[in-house]
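Here is the structure we will look at, set down as structure tokens.
None of the values given here were measured: they were computed from a predicted structure. In what follows, every heavy atom counts, from backbone to side chain, and hydrogens, waters and symmetry copies are set aside.
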Amino acid sequence: MKNNLPTEAELRAAVEREMAPARADLENLVRIPGIAFPEFDHAQVDRSAEAVATLLRGCGLETGVVRAGGQPAVIGRKPAPPGAPTVLLYAHHDVQPPGDEALWDSDPFEPVERDGRLYGRGAADDKAGLMAHVVALRALGDALPVGVVVFVEGEEEYGSASLSELLRLHHDRLLADVVVIADSANWDVGVPALTTSLRGIVNCVVEVRTLRDPVHSGMFGGAVPDALTTLVRLLATLHEDDGDVAVEGLAVGPESTVELPAERVRAEAGMVDGVRFTGTGSLADRLWTRPSLSVLGVDAPSVLESGNALVPAARAKISARLAPGDDPVKAFAALRDHLEAYCPWGAAISVSLDGGGAPCVIDTTGPRYGTVRSALRSAWDGVSPVEIGVGGSIPAVSTFQAEFPDATIVVTGVEDPQTRAHGPNESLHLGEFTRVCLAEALMLAGLGRPTG
């Protein structure tokens, strides 16, 4: 194992030196609209994968673009020195659709800096996570004391459907002692975090039908139910009056040890004045360790296109976020059973699964986590990381846990409370980005330091 590790001061200087070229590379990545959703141009996802492969080859990694029936992923590999551990560095290169571009203050695929933040779709989630890996590898260069495998997925935002098969096909190439997943968030600007749990997800589409065709609302309204009213009443059964989830069979996780200030949640979510929180218990529990149900979309005539006719069929997409410890298969069955049981007026109903992922709990004990915490504290000038839960889902975490049960899983990220990932005006705090890059370089150096 190598003993000529750079000092912390040398690594700080090396990271600072790499930030300008890394910023340029990140901006080039943001300009590629690599969206894995079916209705988008997947040639852009291919283009994104090739750009990632070029970056990894530039770091001296043996690199290839791989598929397993889905969108392209990229694997770059550099073997470990004798006796050294191997660290797998995960990120994803695909991004969320931009949504309504009128809500953006600038072109979502043309990066713009404002007030120390870089704006653009994927500027944080997760192209900055990828670039943190690249900067750390560039900063260490030939002094890299560990083996590395960089795995960059191409369809995380669309559910990671081919991830399990990719891990199975490339198991030996990806096998690692430590897995670092750079796709989460920090507690705040100036305060790092380690993610200790993530909720799972189950999406489903429910359709109700009451008529074969539209019929006159005056002639039949009052006796014949329309599908849209039926659907609205059905969706209303998903929650109790206080906003708690009303579906039986969904698990509830342990209480959180961290509290989220109400004013912070309001500000981060952009809640309209006067709107009350839903549910009971602490906000951290409601957002991290309890299930939630949200209606993401409804298919029905628009107001402008609607006539005086009863709607024969309507459907909605429902998203369930699952508490740590729940099972997606059982959760979907519970949601389906609830919808079928509470569908009003004998309407015909169908419920179909639209993707899912398992929740997870991450063990943050052991000597390797001591190295991780030390790296974060150093990068944030003595500020210790907060251990947080995350209400969102990263399917890769539970998949890696299942595929590599003996590996230490570390979930970090580049986001902060102002990032607005998945929303308009997504942004990256450039100062925090530098800290994330430094922390990863220090982490890799520390994991390769001889012990005993």
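Expressed to the nearest 0.5 Å, how far CG of Asp126 lies from CD of Glu156 amounts to 7.5 Å. The OG1 atom of Thr399 sits 12.5 Å away from atom CD of Glu165, with the distance rounded to the nearest 0.5 Å. Of the inter-residue distances, the one linking Arg420 atom CZ with Asn425 atom CG reads 6.5 Å to the nearest 0.5 angstrom. Taken from CG in Leu296 to CG in Leu293, the straight-line distance is 10.5 Å, to the nearest 0.5 Å. The CG atom of Asp363 sits 10.5 Å away from the CD1 atom of Ile409 when rounded to the nearest 0.5 Å. Considering CG of Leu89 and CG of Leu130, their distance stands at 10.0 Å, rounded to 0.5 Å.
Looking at Phe40 and Pro97, their side chains come closer than 4.5 Å, going by heavy atoms from C-beta outward. Proximity of Glu387 to Arg373: side-chain heavy atoms (C-beta onward) are separated by under 4.5 Å at one or more points.
Of all heavy-atom pairs between Leu118 and Ala123, the closest is O-CB, 3.6 Å. What you find for Leu310 and Gly221 is that their closest heavy atoms are CD1-N, 4.2 Å. Minimum heavy-atom separation, Ile32 to Ala51: CD1-CB, 3.9 Å. What you find for Gly413 and Asn186 is that their closest heavy atoms are O-ND2, 3.1 Å. Taking both residues in full, the closest heavy atoms of Val411 and Tyr369 are given as N-OH, 4.2 Å, listed atom of the first, atom of the second, then distance. Residues Ala53 and Val65 come closest through the heavy atom pair CB-CG2, 4.1 Å.
Side-chain N or O atoms of His429 include none that pairs as donor or acceptor with a backbone N or O of Asp416 at under 3.5 Å. Under a 3.5 Å cut-off, the side chain of Glu432 and the backbone N or O of Gly190 do form a donor-acceptor pair. Judged by distance alone, the side chain of Thr289 and the main-chain N or O of Pro254 form a donor-acceptor pair under 3.5 Å. Panel note: side chain Thr371, backbone Leu447; no donor-acceptor pair is recorded below 3.5 Å. Proximity of a side-chain donor or acceptor of Ser393 to a complementary backbone N or O of Arg199 within less than 3.5 Å is detected. Although no hydrogens or angles enter the test, the distance criterion places no donor-acceptor pair under 3.5 Å between the side chain of Glu110 and the main chain of Arg31. Under the 3.5 Å distance criterion, the side-chain polar atoms of Thr229 are left unmatched by any main-chain donor or acceptor of Asp226. Of the possible polar contacts, none joining the Gln71 side chain to the Glu155 backbone as a donor-acceptor pair under 3.5 Å is found. Here the side chain of Arg286 pairs a donor or acceptor atom with the backbone of Gly281 at under 3.5 angstrom. With hydrogens and angles disregarded, a donor-acceptor distance shorter than 3.5 Å links the side chain of Asp285 to the backbone of Ser256.
By the ring pair (Phe, Tyr, Trp, His ring centres under 6.0 Å) test, His239 is found to be paired with no residue, residues two or more places apart in sequence or in another chain being considered. Listed by chain and number, the residues in a side chain to side chain donor-acceptor pair (under 3.5 Å) with Glu101 amount to none (sequence neighbours excluded). By the side chain to side chain donor-acceptor pair (under 3.5 Å) test, Trp104 is found to be paired with no residue, residues two or more places apart in sequence or in another chain being considered. Looking at residues two or more places apart in sequence or on another chain, you find a ring pair (Phe, Tyr, Trp, His ring centres under 6.0 Å) between Phe400 and Tyr90. For Asn203, the side chain to side chain donor-acceptor pair (under 3.5 Å) partners at least two apart in sequence or on another chain are Ser319. For Tyr158, the ring pair (Phe, Tyr, Trp, His ring centres under 6.0 Å) partners at least two apart in sequence or on another chain are Phe37. Among residues two or more places apart in sequence or in another chain, the side chain to side chain donor-acceptor pair (under 3.5 Å) test is passed with Thr230 by none.
Salt-bridge formation is not detected for the pair Glu50/Arg47: no Lys NZ or Arg NE/NH1/NH2 atom is positioned less than 4.0 Å from an Asp or Glu carboxylate oxygen. A salt bridge between Arg121 and Glu157 is absent, with no side-chain N of the basic residue lying under 4.0 Å from a carboxylate O of the acidic one. Ion pairing of Asp326 with Arg290 is absent here, as no side-chain N (NZ or NE/NH1/NH2) approaches a carboxylate O to less than 4.0 Å. With respect to the salt-bridge test (charged N to carboxylate O, under 4.0 angstrom), the residues Arg117 and Glu113 do not qualify.
For residues 169-198, no pair satisfies salt bridge (charged side-chain N to carboxylate O under 4.0 Å, His left out), with sequence neighbours left out. Within the structure, salt bridge (charged side-chain N to carboxylate O under 4.0 Å, His left out) contacts touching residues 244-266 (residues at least two apart or in different chains) are Arg264-Glu268. Screening residues 306-321 for salt bridge (charged side-chain N to carboxylate O under 4.0 Å, His left out) gives Asp299-Arg315, Lys317-Asp354 as the qualifying pairs, with residues at least two apart or on separate chains.
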Without placing hydrogens or testing angles, list every side-chain donor-acceptor pair under 3.5 Å for residues 209-216, not counting sequence neighbours.
residue: Arg209; atom: NH1; partner: Leu211; partner atom: O; Å: 2.9
residue: Thr210; atom: OG1; partner: Pro225; partner atom: O; Å: 2.9
residue: Thr210; atom: OG1; partner: Ala227; partner atom: N; Å: 3.3
residue: His216; atom: ND1; partner: Gly218; partner atom: N; Å: 2.9
residue: His216; atom: ND1; partner: Met219; partner atom: N; Å: 3.1

I'd like a table of donor-acceptor pairs (distance under 3.5 Å, sequence neighbours excluded) in which one partner is a side-chain atom from residues 332-349, with atom names and distances.
residue: His338; atom: NE2; partner: Thr237; partner atom: O; Å: 3.2
residue: His338; atom: NE2; partner: Thr237; partner atom: OG1; Å: 3.0

Please walk me through it: do Leu194 and Ile388 pass side-chain contact (heavy atoms from CB on, under 4.5 Å)?
-> CA-CA 6 Å; Leu194 287 168; Ile388 63 171; over 6 Å; no
Evaluation steps, salt bridge (Lys or Arg N to Asp or Glu O under 4.0 Å), between Arg168 and Glu403 = CA-CA 8 Å; Arg168 187 189 70 79; Glu403 189 70 21; over 6 Å; no
Take Leu55 and Asp25, measure what side-chain contact (heavy atoms from CB on, under 4.5 Å) needs, and give me the verdict at the end.
-> CA-CA 8 Å; Leu55 288 170; Asp25 289 331; 3.7 Å; yes
Test side-chain contact (heavy atoms from CB on, under 4.5 Å) on Arg114 and Tyr119 and set out the steps.
-> CA-CA 7 Å; Arg114 295 192 297 271; Tyr119 287 81; 3.3 Å; yes
Test ring pair (Phe, Tyr, Trp, His ring centres under 6.0 Å) applied to His171 and Phe404, step by step = CA-CA 9 Å; His171 180 276; Phe404 305 117; 5.1 Å; yes
Are Lys127 and Val95 close enough, and set up right, to give a side-chain contact (heavy atoms from CB on, under 4.5 Å), and what steps lead you there?
-> CA-CA 8 Å; Lys127 293 177 177 180; Val95 298; 3.7 Å; yes
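The side-chain contact (heavy atoms from CB on, under 4.5 Å) test with Val202 singles out one residue from Leu250, Val329, Leu322, and that residue is Leu322.
The environment of CG in Asp242 is crowded: more than 12 heavy-atom neighbours from other residues, nucleotides or ligands sit within 6.0 Å. Residue-environment remark: CG (Asn308) stays at or below the threshold of 12 foreign heavy atoms within 6.0 Å.
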